[in-house]
Structure formats: C-alpha cells, structure tokens
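Everything below concerns the one structure shown next.
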There are 2 protein chains.
Amino acid sequence: MDHKTTKPTPLAAKAPRTKPAEIRLNELMTAAEKLFLAKGVEATTINEIVKEAQVAKGTFYHYFSSKNDMLVALGERYTADFLARLQKALDACPDHDWLQRLRTWIEVSVDVYAQTYRTHDIVYTNHHHHDRSNQARNALLDQLLAIIEGGQLAGTWRVEQPRVVALLIYSGVHGATDDIIAAKANDRARFAHQVADACLRMLPPPKKTTR
Amino acid sequence: MDHKTTKPTPLAAKAPRTKPAEIRLNELMTAAEKLFLAKGVEATTINEIVKEAQVAKGTFYHYFSSKNDMLVALGERYTADFLARLQKALDACPDHDWLQRLRTWIEVSVDVYAQTYRTHDIVYTNHHHHDRSNQARNALLDQLLAIIEGGQLAGTWRVEQPRVVALLIYSGVHGATDDIIAAKANDRARFAHQVADACLRMLPPPKKTTR
DNA sequence: ACAAATCGACCGACCGTCGGTCAATAAATT
DNA sequence: AATTTATTGACCGACGGTCGGTCGATTTGT
C-alpha cells in the first residue's frame with residue numbers, strides 16, 4: 001500500500017511541528033485545565049488531553065511525568081496567580097493602615113476564591129491538606145501572618161496567638177466562601193464584608209477586652 | 001463429572017458461606033478502610049479489598065455499585081460517628097450554659113478531628129466541598145448553628161450574622177487543626193483551647209463592643 | 001413429609017479502558 | 001554530518017467493572 005508517502009503538508013504554512021518548551025507546556029496545561037473543569041480530573045483521560053492540545057501521547061509524558069504531576073503544575077500556576085492578585089490589592093493599600101490591609105486581604109480572598117473555586121477544587125482535591133510541603137497554603141498563610149504581626153507591632157491590635165488567628169481566618173475564609181459561591185458578585189461583596197467584620201473581632205484593639 | 005459431591009464440609013463447624021448483609025457490609029467497609037488508610041484510595045484495588053475481606057470480587061459489587069460508592073458509605077459512617085461524639089459531649093454540658101456548650105463543641109471538634117483526620121481525608125477527598133448535598137457538613141453546621149442561636153436567644157452573646165460566624169468557626173476549626181495534627185494529645189488540648197478562645201471573640205457579649 | 005421451585009448471596013473468568021512506556025523518526029543545534 | 005532534543009503512536013499491563021452461572025437455604029405444591 002502506497003498511502004501517504006511522507007506527505008509534506010502541501011498547502012498552508014508549514015506550521016512547525018516543534019514549539020518552544022514554554023509554549024507546549026502552556027498548551028498542555030490549558031488543554032488539561034479546560035477538560036478537568038468540564039468533566040472532572042478522573043473522567044478526563046490523557047488521550048483526551050493530548051487530542052485537545054494537538055500532540056501525541058508521548059509528548060505529554062515528555063513534559064509531565066504523570067497525570068498527577070500535571071495537577072501539581074496546575075496547582076502551582078493557580079497559587080502563584082492567587083498570591084499575585086492578593087499582593088496587588090495589598091500594594092494599593094496605605095502601607096501602615098493595618099486594619100485596611102487585613103480587611104483587604106480577607107475581602108479579596110473571598111472574592112478571588114469565589115471566582116476561581118472550580119479550579120481550586122480540581123487542583124487541590126487529591127492533595128492532602130496536611131501536606132507539610134503545601135506551598136500554596138504556606139505562601140498565603142505567611143502573607144496573612146505578616147499582616148497580623150505588622151498590626152501587632154504597630155499597636156493596631158493585640159492578639160495572643162497570631163498563628164492560630166491566622167489559621168482560623170485563612171481556613172474560615174475559604175470554608176465560608178463555599179457557601180456563597182453561587183451568589184451574584186453583589187451579594188458576594190456584602191458577604192465578604194460580613195466575613196471580614198466577624199474575623200476582625202478576633203483581633204481586639206489593645207485595651208483590655210478580656211473575657 | 002463427579003467432582004465435589006455436595007461436600008458437607010466434614011470437619012470444623014460448617015462455617016456458613018453466607019452471612020447477614022449487615023455483617024458482610026461491615027467486613028467489606030472495614031477491609032476497605034484499612035487498605036485506604038494504609039496505601040491510599042487510588043492505590044488500593046478492588047481485588048485487594050475482596051482479598052482482605054475474604055470474598056470474591058462479585059460480592060463487592062453485590063453490596064457496592066462502585067469503588068466510589070464504597071467511599072461514600074465510609075463517609076457516612078465517619079460523619080455519623082463524628083456527630084455522635086459531639087452530641088455526646090454536648091449532652092454532658094449544662095443545658096443552658098451556652099458559653100460552655102460552644103466551647104465544648106469547638107474543643108471536641110478539634111480533638112476528634114485531630115484523631116480521625118486520616119479517615120476524614122480519605123473519605124472527603126474527591127468530594128467537592130461545595131456540594132450542596134454534603135450531608136456531613138450540613139449536619140455538623142446545623143449543630144453548631146443551633147448553639148450559636150441558642151446563646152443568642154439566651155442573651156449570652158449578640159452576633160449579627162450567626163450563619164457567617166458558624167461557617168467561620170466550622171471551617172476555621174477544621175482548617176486550623178490541620179496544623180497541629182502531628183502534635184501530642186497534650187499540645188492538642190492547649191491548641192484546642194486557644195482556638196476556642198479566638199473563636200469566642202467573634203461572639204461578643206451584648207454590650208456595645210462595636211468597632 | 002418430601003420434593004420441586006424459587007431466591008439471592010456469592011463466585012471468578014473475562015472485557016474494555018486507561019495510565020504509562022519505548023523504540024523509532026524528525027527537527028533543531030552544533 | 002553528527003549529536004542532541006522534540007515528537008510520535010503502537011504497545012503493554014493493570015485495573016475497575018460485568019456477567020453468566022453455582023449453591024445452599026427457604027417457600028410452595030402435593
């Protein structure tokens with residue numbers, strides 16, 4: 001049979017078969033994310049991913065060592081983005097208005113999380129939350145802790161266990177946000193405000209509000 | 001062919017091949033939980049589960065429609081147990097000491113969660129947290145909300161958004177607890193206390209602690 | 001009282017699919 | 001031209017899930 005003798009793709013631009021690693025990586029990740037979002041991680045096969053990304057199966061494994069490795073990469077991208085958005089909002093705050101910085105951190109967290117929770121889920125289901133090496137959690141937590149300690153030093157509030165409070169706010173914000181995810185942006189803003197109010201009560205000003 | 005002429009199992013007790021459904025169900029669930037805990041859900045095969053439970057593969061599918069169905073069943077068992085433990089602790093509290101009831105709910109949650117988080121993870125990874133039908137979350141949340149509203153009615157505290165506060169405490173407790181899971185029971189108790197302290201600050205007594 | 005009919009828990013060989021491998025090929029780089 | 005790097009897709013073994021069938025117990029018919 002003589003079918004297809006090399007076939008140099010006669011028409012259209014030759015469309016180079018190889019691409020810079022960065023591009024391929026991105027195309028694969030984007031394809032995977034799209035499918036994961038559409039039908040779930042388990043239900044998405046490698047064959048579907050490579051078909052979507054227009055490459056052969058082997059290429060997937062040239063860039064990722066496993067399906068799970070892809071998930072990790074997607075997670076890193078997600079977190080970097082989350083962190084960056086928070087940082088940007090924080091940069092727009094007066095440097096020493098700790099109350100506003102904390103409120104901003106909380107409200108923006110609620111907002112960004114509400115917008116991106118579907119990807120968050122995909123990327124962190126399978127991850128055990130207790131994983132010490134969970135970079136995501138740690139980076140975000142450190143950012144929050146820095147604010148709490150900043151305000152502490154500046155005398156904006158006085159908390160006994162900054163780390164415990166940070167943990168509570170961090171987890172509380174994400175968990176609570178699950179509840180209003182379906183809501184319109186409007187209600188979300190109101191909700192974010194309520195969350196921030198409740199959280200801020202955990203950080204009393206340095207009088208004696210003992211109980 | 002005459003192989004096996006009824007063979008009434010000559011020695012030892014007849015050892016009935018069949019068992020009440022409840023027993024088999026339990027044996028399968030226990031076998032599965034053990035293996036899931038030991039090597040993870042993904043890495044555990046149905047064949048391993050049935051081997052551990054001493055039945056054939058078909059029997060597994062006689063009781064469970066899929067591996068995931070088993071996970072769901074395990075989850076229900078876990079939650080029922082969690083809820084029961086909390087309820088028991090609550091029953092030991094003075095009926096109208098809302099402060100103590102809330103503190104108990106929080107501290108026992110931390111403790112039970114710290115003891116059982118490995119099963120929790122197994123059983124709730126794969127579950128999307130936003131799942132409206134998440135019975136687990138709802139039952140626990142309702143229990144907590146009832147306390148908050150009880151205290152509100154009794155005038156023990158005054159919160160504007162009981163549900164938001166419940167959400168924050170519920171999520172905060174679980175998330176924060178991840179952090180001290182490795183600790184000894186001793187430190188866990190101290191930690192639970194700190195968590196409760198911080199949380200209770202979100203529920204100010206009905207003076208004017210505005211901010 | 002006995003046998004035939006019925007039931008359903010239980011079995012395990014089998015199947016299709018999927019994640020992952022690898023030897024071969026093509027392009028890029030030196 | 002030689003060497004390295006990107007890409008391909010046929011192939012493999014393992015796994016989740018299916019299905020025709022067995023066997024002891026219980027109910028029904030006589």
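Lettering of chains follows the sequences in order, A, B, ..., and the numbering in each one begins at 1. Since the model is a prediction, treat every value here as computed from it, not as a measurement. Values below: all heavy atoms of this structure, side chains included; hydrogens, waters and symmetry mates excluded.
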Which whole-number value in Å describes the distance from [X] [atom1] to [N] [atom2]?
X	N	atom1	atom2	answer
B:Ile23	C:dA9	CD1	C1'	14 Å
B:Gln54	C:dC11	CD	C1'	14 Å
A:Leu25	D:dT5	CG	P	17 Å
A:Glu27	D:dA6	CD	C1'	14 Å
A:Leu28	D:dA6	CG	P	13 Å
B:Asp69	D:dG16	CG	P	15 Å

Quiz item: Taking atom CG of A:Leu167 and atom CG of B:Asp178, what is their separation to the nearest 0.5 Å?
Solution: 8.0 Å
Practice problem: Can you measure from CG (B:Leu74) to NE2 (B:His120) and round to the nearest 0.5 angstrom? | Solution: 13.0 Å
Check whether any side-chain N or O of [X] sits under 4.0 Å from OP1 or OP2 of [N], and answer yes or no.
X	N	answer
A:His62	D:dA6	yes
B:Arg24	C:dC10	yes
B:Thr59	C:dA9	no

Quiz item: Is A:Lys51 salt-bridged to A:Glu48, going by a charged N under 4.0 Å from an acidic O?
Solution: no
Quiz item: Taking the six-membered ring for Trp, are B:Trp105 and B:Tyr170 parallel (under 30°), tilted (30 to 60°) or perpendicular (over 60°)?
Solution: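 It falls in the tilted class, 30° to 60°.
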Quiz item: Counting distance only, does the side-chain N/O of A:Arg118 pair as donor-acceptor with the main-chain N or O of A:Leu37 below 3.5 Å?
Solution: yes
Quiz item: So, the side chain of A:Thr116 versus the backbone of A:Thr119: is there a donor-acceptor pair under 3.5 Å, distance only?
Solution: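 Side chain of A:Thr116 to backbone of A:Thr119, a donor-acceptor pair under 3.5 Å: no, none is there.
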Practice problem: Could you check whether A:Tyr63 gets within reach of a base, just the sugar-phosphate, or nothing at all, counting any heavy atom under 4.0 Å? | Solution: sugar-phosphate
What N/O pairs connect the protein and nucleotides 16-20 of chain C at under 3.5 Å? Give each pair on its own line.
from	atom 1	to	atom 2	distance (Å)
C:dG19	OP1	A:Thr44	O	3.3
C:dG19	OP1	A:Lys67	NZ	2.8
C:dG19	OP2	A:Ile46	N	2.8
C:dG19	N7	A:Lys57	NZ	3.1
C:dG20	OP2	A:Tyr61	OH	3.1
C:dG20	OP2	A:Lys67	N	3.0
C:dG20	N7	A:Lys57	NZ	3.1
C:dG20	O6	A:Lys57	NZ	2.5

